[in-house]
Amino acid sequence: MNRKYIIGAAVIALGATAAVSQEIATWAGFRQAAVSFTFDDGAPSQVTDAAPMFDKYGYKGTFNLVYNWNPNWSGFQNMAKNGHEIASHSNTHGNNMSGEEASSKTNIAGKITQEYGIITVAYPNCNVPNESAVKQNYIVGRICNGSWQGVPDVMDKNGPSNWAKVPALMTGSENGINTTSGYTNQMQSAISKGGWVAFLTHGFSGKNNGNATYSPTDISAMDGALQWAKQNDSKIWVAPMGFVAMYIKERNASKITEKSSSGSSITYTLTHSIADNISKYNYPLSIRVKSSWTKVSATQGGKALAASIKDGYIYFDAVPNGGDIVLSSDGAAVTPGSSASTEPSSSASASTPFKGAIAVPGTVEAENYDVDAFYHSNPENEAPDYRTDNAGIVKAGTGYAVGYTTSGDYFEYTLDVKAAGKYKVSVNGATGNNAAGSVTVAVGSSSVDVAVKNLGDWDTYSESAGDEITLAAGKQTLRLTINDDNLNVDWIKLSTDAVIPAGSSSSTAVVPGSSSSGTLAIANSIVLNVNPGVVKCSVFDVNGHLLKSAYTAIGTARDMWSRVNAGLGAGVYIMRYGEVGKTMQTIRVRK
């Protein structure tokens, strides 16, 4: 078989012709350029103002901390968990950090846990320390304006000539970039050059900056720059400095090679031989493979990868040395030259359940979205051992959840609905935002908005109940849409306790799995044989969570319900009432 592979942009042909070609993108997502926003000194405003601003657009920055200045460690740790890079800016911020290269890395790593470790350093006062010590501890060392060191401010596609001298343009009021156009002009220059540009910021004008008082920056100007980048997201990749450095080094050292091929399956290897004690160099690279297929599924090392098709190419991201990459067409073929409608990085047109169709009634684990059936703007993943498609998997207790989310992200799941009817929807979610958010659960034309409560951090999960959703029997597709940035979702529950057939009255309830004629009558005339006076009446949701309690005079079940249902939304509830040892329980419906 004649083959060829592409390393970076260079085509190497093996044989006279090539039926299949493979290409590693110069920049993630096959964009034209890269930009990094870096921040020095660990200012309080970087936690309270910068991070939320970047998260709003789905972008992440690099934050260089001075260890002895005791920054807000918990705040920066949450930022690291949310995909920002935390890096070293020395122990003491002395005139020259020589002698602190290794110790500052170790000290900060003792406070911050993040996927790639401490791999970036920014020099205090822009003074380059011992270059050898820098290169033994970091993959990138950042200086300030390139013109101050005799290097270009906008680097080419291969980064700097010296990785201990990576330039970043100063921002702010003291001879720095301080307007939106100042940022965008530099990003446009990077696009035209096909290169990489970085910015350096301390604090923000009018904000709490702590020790970061040098050259305060207009935060609205930076916000405008991020908005411009979002509008031009197909052209420029916004990513932390260490991540871009890893990508460049991996891209230049990696090769993708076809290993084997059959009629509907092709296996590739993606490898490099970079070896040091600083990084595993396992940042995902963007790849495309020329193909006439119209459907595709992908795995690496046996784990699902997101893959999509556009204009005669299969697009996917894969980790070098992460195991065999297997692409499967399921036997599909199209006329050469036709193009699929799927955009790179979006969900594929045909979904494959990750672990089989999910039985309903039951619980949908958020991390088990269908293969390729998602859109996630932030390529972060805390659990590459579980899934390798970088759709925001985070650890949640002993399991997983989806996180690193941005408004508009979505995930799709194949359901196997056992009985048609109305199902109660609840969501287990978490957020460290200052306010609660929401997600939308939709199946066909039926949808429900469900709150995600703010309990202070992304590791404290709470169940929230929504209204009912109407499902038909059989295979259905559920879409979970994120409505606010930075929401983690652990699971979605479709109630198993009682299903109210669409269009039915509130006096009956069908038990899933029972015969079509089986009904559970609501007790309307039962009166408990209790002592005169009052009894306790409690109302629970279908998952057993107490919603409200009251004491009321004895009466029928209907009388009790009429006294306690005020304020409850439409749905199915369990009402329990009576004296201890003499309680009755009924299922009640509020339409």
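Sequence positions, counted from 1, serve as the residue numbers for this chain.
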(request) Scan residues 75-85 for pairs that pass side-chain hydrogen bond (donor to acceptor under 3.5 Å, both in side chains), counting only residues two or more places apart or in two chains. (result) Asp55-Asn82, Asp55-His84, Thr62-Glu85, Lys81-Asp459, Asn82-Asn486, Glu85-Thr120

(request) Would you indicate whether Lys235, at its atom NZ, is surrounded by more than 12 heavy atoms from other residues, nucleotides or ligands within a distance under 6.0 Å? (result) no

(message) Are Phe54 and Phe39, when compared by the centres of their aromatic rings, separated by less than 6.0 Å?
(response) yes

(request) Name all residues meeting the side-chain hydrogen bond (donor to acceptor under 3.5 Å, both in side chains) criterion together with Arg387; count only those two or more places apart in sequence or in a different chain, and write none if there are none. (result) none

(message) Quick check on Lys230: does its NZ atom have over 12 non-hydrogen neighbours (other residues, nucleotides or ligands) under 6.0 Å away?
(response) yes

(message) Side chains of Ser98 and Asn96 only: does a donor on one sit below 3.5 Å from an acceptor on the other?
(response) yes

(message) Minimum heavy-atom separation for Gly242 and Val140, please, with both atom names.
(response) CA-CG1, 4.2 Å

(message) Less than 6.0 angstrom from the centroid, inside 45 degrees of the normal: does Lys105 satisfy that with respect to the ring of Tyr138?
(response) yes

(message) Quick check for you: to the nearest 0.5 Å, what is the distance between Thr299 atom OG1 and Ile325 atom CD1?
(response) 9.0 Å

(message) Under a 3.5 Å threshold, yes or no: a donor from one side chain and an acceptor from the other, between Ser132 and Gln136?
(response) yes

(request) Verify whether one side chain among Asp449 and Ser438 offers a donor that lies under 3.5 Å from an acceptor in the other. (result) no

(request) In plain terms, say whether Arg31 and Asp233 are close enough for a salt bridge, that is, a side-chain N and a carboxylate O under 4.0 Å apart. (result) yes

(message) So which atom in Asp276 and which in Ile278 form the shortest heavy-atom distance, rounded to 0.1 Å?
(response) OD1-N, 3.0 Å

(request) Answer with yes or no whether the side chains of Asn209 and Tyr214 bring together a donor and an acceptor at under 3.5 Å. (result) no

(message) Can you confirm whether more than 12 heavy atoms, excluding those of Asn434, are under 6.0 Å from its CG atom?
(response) no

(request) Answer with yes or no after comparing the ring centroid distance for Trp237 and Tyr59 against a 6.0 Å cut-off, counting only values under it. (result) no

(request) Determine whether the side chains of Asn483 and Thr440 contain a donor N or O and an acceptor N or O closer than 3.5 Å. (result) yes

(request) Scan side-chain atoms only and decide if Thr406 and Asp485 contain a donor-acceptor pair under the 3.5 Å cut-off. (result) no

(message) Does Lys135, at its NZ atom, have more than 12 non-hydrogen atoms belonging to other residues, nucleotides or ligands within less than 6.0 Å?
(response) yes

(message) Hydrogens and angles aside, do Tyr116 and Asn282 bring a side-chain donor and acceptor to less than 3.5 Å of each other?
(response) no

(message) Main chain of Ala435, side chain of Asn433: is a donor-acceptor contact present, judged purely on distance under 3.5 Å?
(response) no

